[in-house]
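Data first, discussion second: the structure below is written as structure tokens.
FYI, side chains are in, hydrogens and waters are out, and symmetry mates aren't considered; it's all heavy atoms of this structure.
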Amino acid sequence: MYTIAALCCFLGFYSLFNTSKKATLSHNYSIQIWLQHHIRLARLIGLALIIVSLFIFISLDGIEAGTFGFLVLLMAIASAVVILSPLKLLKWIHLLFIVAFLLVSEFLIFN
């Protein structure tokens, strides 16, 4: 569940990042183009994904620890997106491999 919460947090922040007017945006993928053309819907989707991630953390760890863990994860993801996105180092295939590895390791460790 932590991997799904982290993925929701990443996708939510990434969609909010692509709707920003101050950020250096790229047009490499069709999802980036769609997010940049549908700003209002992309912001709603981004906020919804971030809230879902927060609720997953709260349901797993409780209110205080879940909120703290979510904020730490959000800061880490936000800084990684802001640093790596303008350098064009964020590739969807890398994200897919990372999520697959984390899901497998999470199921092997917690089960």
Mind checking the CD1-NE2 spacing from I45 to H38? Nearest 0.5 Å is all I need. 10.0 Å
Spacing of I4 atom CD1 and L102 atom CG [to the nearest 0.5 Å]: 11.5 Å
Are F68 and L71 joined in one hydrophobic group, where the rule is that I, L, V, M, F, W and Y side chains link up if heavy atoms are under 4.5 Å apart? no
State the CZ-CG distance between F17 and L35, to the nearest 0.5 angstrom. 12.0 Å
To the closest 0.5 Å, what do you measure between OG (S85) and CG (N18)? 6.0 Å
Are L11 and L84 in one and the same hydrophobic cluster, where Ile, Leu, Val, Met, Phe, Trp and Tyr link if side-chain heavy atoms are under 4.5 Å apart? yes
Taking the ring of Y2 and the ring of F57, is the distance between their centroids below 6.0 Å? yes
Minimum heavy-atom distance S15-G46, with the two atoms named: OG-CA, 3.0 Å
Between F70 and I63, is there a shared hydrophobic cluster once you connect ILVMFWY residues whose side-chain heavy atoms come closer than 4.5 Å? yes
Rounding to 0.5 Å, atoms CD1 (I56) and CE (M1) come to a distance of 4.5 Å
So among I50, V81, L49, which one has a side chain to side chain contact (heavy atoms under 4.5 Å, CB included) with L16? I50
Is there a path of hydrophobic side-chain contacts, each under 4.5 Å between heavy atoms, that joins M75 and L54? no
Between I58 and I51, is there shared hydrophobic-cluster membership here, with clusters defined by ILVMFWY side-chain heavy atoms closer than 4.5 Å? no
Between CZ of F10 and CD1 of I77, what distance do you get to the nearest 0.5 Å? 7.5 Å
Listed by chain and number, what are the side chain to side chain contact (heavy atoms under 4.5 Å, CB included) partners of V99, not counting sequence neighbours? T3, L7, L95, L103
Do other residues, nucleotides or ligands put more than 12 heavy atoms under 6.0 Å from L87 CG? yes
